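Only a predicted model underlies this, so the values are computations on that prediction, with no experimental measurement involved. The figures here come from the full heavy-atom set of this structure, side chains too, leaving out hydrogens, waters and symmetry mates.
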Amino acid sequence: FIVGQQQLLLIVLSVIIVGISVVVGIQTFSSSAAAANQDAVVADLTKMGSDAQGWYRKPNMLGGGGSSFGNTTLTLLGYPTTPADVAGSYATSNGDYTITSRSGSDFVIQGIGKEDGDGDGTPVTVDMTVQPNNVVFNVSNR
């Protein structure tokens, strides 16, 4: 009779250990997916920032910004937006990108990812300020 109780105890302990392992695995996967999504959003923004700096340097006569970011749109940078207007949003499998502010000397593109890393209901959000010779990233939500 005692042997049967020991086997039952071992089965219960095994089920508990497997359950804990599954929960830890799911949490690890979720945080890893959010980190990968943040990296992908930053990579997309880096490409857009590089394209914007090239557009800034190109003369107006050749379809560029003529040393100004004042009239920058994602469409002018080669990223078709929906709807196709100044405040349009460009979407990839990584996230949605929108110009949130602009001036002659810089502009800000906001990237909103697809993953919610901290479980607050808001996905990964990264703002990138593009200047003629510099880009600055600000992660406002993980």
Side-chain angles (χ1 to χ4, degrees), residues 3-142:
V3 173
Q5 285 181 339
Q6 287 177 341
Q7 288 176 343
L8 184 60
L9 181 62
L10 286 174
I11 290 172
V12 168
L13 286 175
S14 298
V15 168
I16 290 171
I17 290 171
V18 168
I20 290 171
S21 299
V22 168
V23 168
V24 168
I26 289 171
Q27 288 176 342
T28 302
F29 176 77
S30 296
S31 65
S32 178
N37 186 228
Q38 178 179 329
D39 291 344
V41 168
V42 168
D44 286 349
L45 286 170
T46 301
K47 168 100 172 72
M48 290 176 181
S50 175
D51 291 344
Q53 288 172 334
W55 180 83
Y56 172 90
R57 288 179 176 80
K58 189 184 288 188
N60 287 332
M61 291 180 2
L62 299 176
S67 298
S68 174
F69 288 121
N71 61 347
T72 305
T73 65
L74 292 175
T75 303
L76 286 173
L77 297 177
Y79 300 96
T81 59
T82 313
D85 64 3
V86 174
S89 178
Y90 173 70
T92 70
S93 60
N94 301 322
D96 297 322
Y97 306 91
T98 305
I99 295 177
T100 57
S101 69
R102 75 180 116 265
S103 70
S105 61
D106 67 7
F107 73 101
V108 177
I109 301 176
Q110 183 177 70
I112 300 175
K114 305 290 185 185
E115 296 290 332
D116 177 11
D118 56 9
D120 68 351
T122 305
V124 170
T125 304
V126 181
D127 292 321
M128 178 183 66
T129 302
V130 180
Q131 300 163 338
N133 297 309
N134 192 26
V135 294
V136 178
F137 293 96
N138 178 33
V139 179
S140 56
N141 193 25
R142 293 183 192 274

**Prompt:** Between N134 and D106, does a side chain to side chain contact (heavy atoms under 4.5 Å, CB included) hold up when you go through it step by step?
**Reply:** CA-CA 10 Å; N134 192 26; D106 67 7; over 6 Å; no
**Message:** Holding to side chain to side chain donor-acceptor pair (under 3.5 Å), I want the full list of residues that pass it with D120, two or more places apart in sequence or in another chain.
**Reply:**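 For D120 there are no side chain to side chain donor-acceptor pair (under 3.5 Å) partners, ignoring immediate neighbours.
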Taking every non-hydrogen atom, the tightest pair across [X] and [Y]:
X    : Y    : result
W55  : S68  : CZ3-O, 3.5 Å
D127 : S140 : OD2-OG, 4.3 Å
A52  : L77  : CA-CD2, 3.6 Å
P123 : G113 : CB-O, 3.2 Å
M128 : T46  : SD-N, 4.2 Å
S105 : P132 : O-CD, 3.3 Å

**Prompt:** Nearest 0.5 Å, what's the CG-CD1 distance between N94 and I112?
**Reply:**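 Output value for this atom pair is 13.5 Å.
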**Message:** Measuring from atom CD of Q38 to atom OG1 of T125, what distance do you get when rounded to the nearest 0.5 angstrom?
**Reply:**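 The distance works out to 9.5 Å.
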**Request:** Using a 4.5 Å cut-off on heavy atoms from C-beta on, say whether the side chain of K114 contacts that of D96.
**Result:**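 Of all side-chain heavy-atom pairs linking K114 with D96, at least one is under 4.5 Å.
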**Asked** Just wondering, do Q53 and V135 contact through their side chains at under 4.5 Å, heavy atoms?
**Response**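 V135 vs Q53: side chains touch.
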**Request:** List for me each residue that meets side chain to side chain contact (heavy atoms under 4.5 Å, CB included) alongside V24, sequence neighbours excluded, and say none if there are none.
**Result:**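 Testing V24 for side chain to side chain contact (heavy atoms under 4.5 Å, CB included), a comparison that skips the adjacent residues, returns I20, T28.
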**Message:** If the condition is side chain to side chain contact (heavy atoms under 4.5 Å, CB included), which residues does L13 pass it with, not counting sequence neighbours?
**Reply:**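 Partners of L13 by the side chain to side chain contact (heavy atoms under 4.5 Å, CB included) criterion, ordered by chain and then number, come out as L9.
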**Request:** With side chain to side chain contact (heavy atoms under 4.5 Å, CB included) as the test, would you mind laying out the steps for N138 and V136 before giving the verdict?
**Result:** CA-CA 7 Å; N138 178 33; V136 178; 5.9 Å; no
**Request:** Measure from the side-chain N and O atoms of R102 to the backbone N and O of T73, and report whether any donor-acceptor pair falls under 3.5 Å.
**Result:**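 A pair under 3.5 Å: no.
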**Prompt:** Is S101 reaching over with its side chain to a backbone N or O of I99, donor-acceptor style, under 3.5 angstrom?
**Reply:**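 The answer is no, because no donor-acceptor pair under 3.5 Å joins these two groups.
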**Message:** Enumerate the ring-ring contact (aromatic ring centres under 6.0 Å, His included) contacts for residues 95-124, please, sequence neighbours excluded, ordered by first and then second residue.
**Reply:**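 Found F69-F107.
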**Request:** Give every residue pair that meets the ring-ring contact (aromatic ring centres under 6.0 Å, His included) criterion with at least one member in residues 123-142, sequence neighbours excluded.
**Result:**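 ring-ring contact (aromatic ring centres under 6.0 Å, His included) check on residues 123-142 returns no pairs.
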**Prompt:** Tell me the salt bridge (charged side-chain N to carboxylate O under 4.0 Å, His left out) pairs involving residues 37-48, sequence neighbours left out?
**Reply:**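 Listed by first then second residue: K47-D51.
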